[in-house]
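Note that the numbering runs from 1 along the sequence shown for the chain. Computed from heavy atoms alone, side chains included, the values below leave out hydrogens, waters and symmetry copies.
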Amino acid sequence: MTDQALPAAARPRPAWFSLVASPISVIAAVCLGLIIIVSLLAPWLAPHDPVQLVPANRLKPASAAYLLGTDGYGRDVLSRILYGGRISLLIGVGSAIISIGFGLAIGLVAGFFRWLDAIVMRFMDALMAIPSILLAIAVVALSGASLSSVLIAITLPEIPRVVRLVRAVVLSAREEPYVEAAISVGSSLPKILWRHIMPNTFAPLIVQGTYICAAAILTEAILSFLGAGINPETPSWGNIMAEGRAYFQVKPSLIFWPGLVLSVAILSINLLGDAARDVLDPRMKRREGAR
């Protein structure tokens, strides 16, 4: 019996239905979408120049002119938060894309060619043995505080985790009958990797990418808070809080507002990652079907 012949209640639901049906996923998607939209539209939504210094207006309270007040240099806090979202989200998304790109390529090679597996994975293990924050601080200290160096510093510790994930998928997929059949009929190596093995990595990489994005945003905030992040003239959620640290007892809102937006963004990304894992993981599907 086909799905069309089944009653509506008995038809299998599409995978995306779990995301839409979950109120938590919907709320997370709405919150993250709003943050992305207002960050992209920051040049049109920001009421003031985020880098303009106005010492006469320093530490102003919230008012009609400055909805969230001003910081210790007289800059509008709301404008800096809006512009800071562009940098923080860029680092999060950029780190996820770069680490997945390199991790996918290295993981495919390590998983398919067994003679390279030991060499590659020992190097990845060595990278994972170094605490990510210390490695990021070392990279920034050597290359200088800039957007590109911070992006590299945050991405580098994430690559070994992606490599291990892809390698595990490849080791499992290369033993499947359809891969062995492709090898036996003489299919080229690029064709085997591209058509038969790589599609198996998409679902776990999508989930892993959400976690990397959230972790990268948080790591950038930690680096900025420690003074090893982006140049303070370039607003990001992390260095806005780092600068507000000196005035915390006088004006705690300088840390509260960017910290709130940062927390909402990271929580939303993680919730969407969890929801995507539940949808894309076949084991989770089987557990739901058994209930």
If you take all heavy atoms of [X] and [Y], which pair is closest and at what distance?
X      : Y      : result
Ser25  : Ala275 : OG-CB, 3.3 Å
Pro204 : Val169 : CG-CG2, 4.1 Å
Arg86  : Pro43  : NH1-CD, 3.3 Å
Val38  : Ile35  : CG2-O, 3.3 Å
Thr70  : Val77  : C-CG2, 3.7 Å
Ala242 : Ser224 : CB-O, 3.3 Å

Same cluster or not: are [X] and [Y] linked, directly or through other Ile, Leu, Val, Met, Phe, Trp or Tyr residues, by side-chain heavy atoms under 4.5 angstrom apart?
X      : Y      : result
Ile36  : Trp44  : yes
Phe202 : Leu171 : no
Leu32  : Leu40  : yes
Ile97  : Leu108 : no
Leu262 : Phe256 : yes

Any side-chain heavy-atom pair from [X] and [Y] closer than 4.5 angstrom?
X      : Y      : answer
Leu147 : Leu90  : yes
Ser39  : Tyr83  : no
Val163 : Ile106 : yes
Asn239 : Ile87  : no
Leu254 : Phe248 : no
Ile81  : Trp237 : yes
Leu151 : Ser95  : yes
His48  : Arg80  : no

Task: Verdict with reasoning, Val109 to Asp117, per side chain to side chain contact (heavy atoms under 4.5 Å, CB included) - done: CA-CA 8 Å; Val109 172; Asp117 185 28; over 6 Å; no
Task: Salt-bridge criterion met for Asp71 and Arg58 (N-O under 4.0 Å) - done: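 The answer is no: the pair does not qualify as a salt bridge.
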Open item on the list: For Asp125, is there an ion pair with Arg164 - N to carboxylate O distance below 4.0 angstrom?
Closed with: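 Salt bridge: yes.
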TODO: Please step through side chain to side chain contact (heavy atoms under 4.5 Å, CB included) for the pair Asn270 and Thr210, ending with a clear verdict.
DONE: CA-CA 7 Å; Asn270 282 330; Thr210 61; 6.0 Å; no
Distance from [X] atom [atom1] to [Y] atom [atom2], nearest 0.5 Å?
X      : Y      : atom1 : atom2 : result
Ile133 : Thr219 : CD1   : OG1   : 5.0 Å
Asp76  : Leu82  : CG    : CG    : 8.5 Å
Leu89  : Cys213 : CG    : SG    : 7.0 Å
Leu156 : Ile98  : CG    : CD1   : 11.0 Å
Ile240 : Arg75  : CD1   : CZ    : 8.5 Å
Ile91  : Leu223 : CD1   : CG    : 8.5 Å

Task: Atom OH of Tyr211: over 12 foreign heavy atoms under 6.0 Å - done: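 Count over threshold, so yes.
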Task: CD1 (Ile24) with more than 12 external heavy atoms under 6.0 Å - done: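 For Ile24, atom CD1 is not crowded (no more than 12 foreign heavy atoms under 6.0 Å).
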Task: Any side-chain donor near an acceptor of the partner, Asn57 and Tyr73, under 3.5 Å - done: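 Short answer, no.
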Open item on the list: When you compare the side chains of Ser236 and Glu220, does any donor N or O come within less than 3.5 Å of an acceptor on the partner?
Closed with: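 The answer is yes; a qualifying pair exists.
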Task: Arg161 side chain vs Pro157 backbone, donor-acceptor pair below 3.5 Å - done: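 Yes; judged by distance alone, with no hydrogens or angles, the pair exists.
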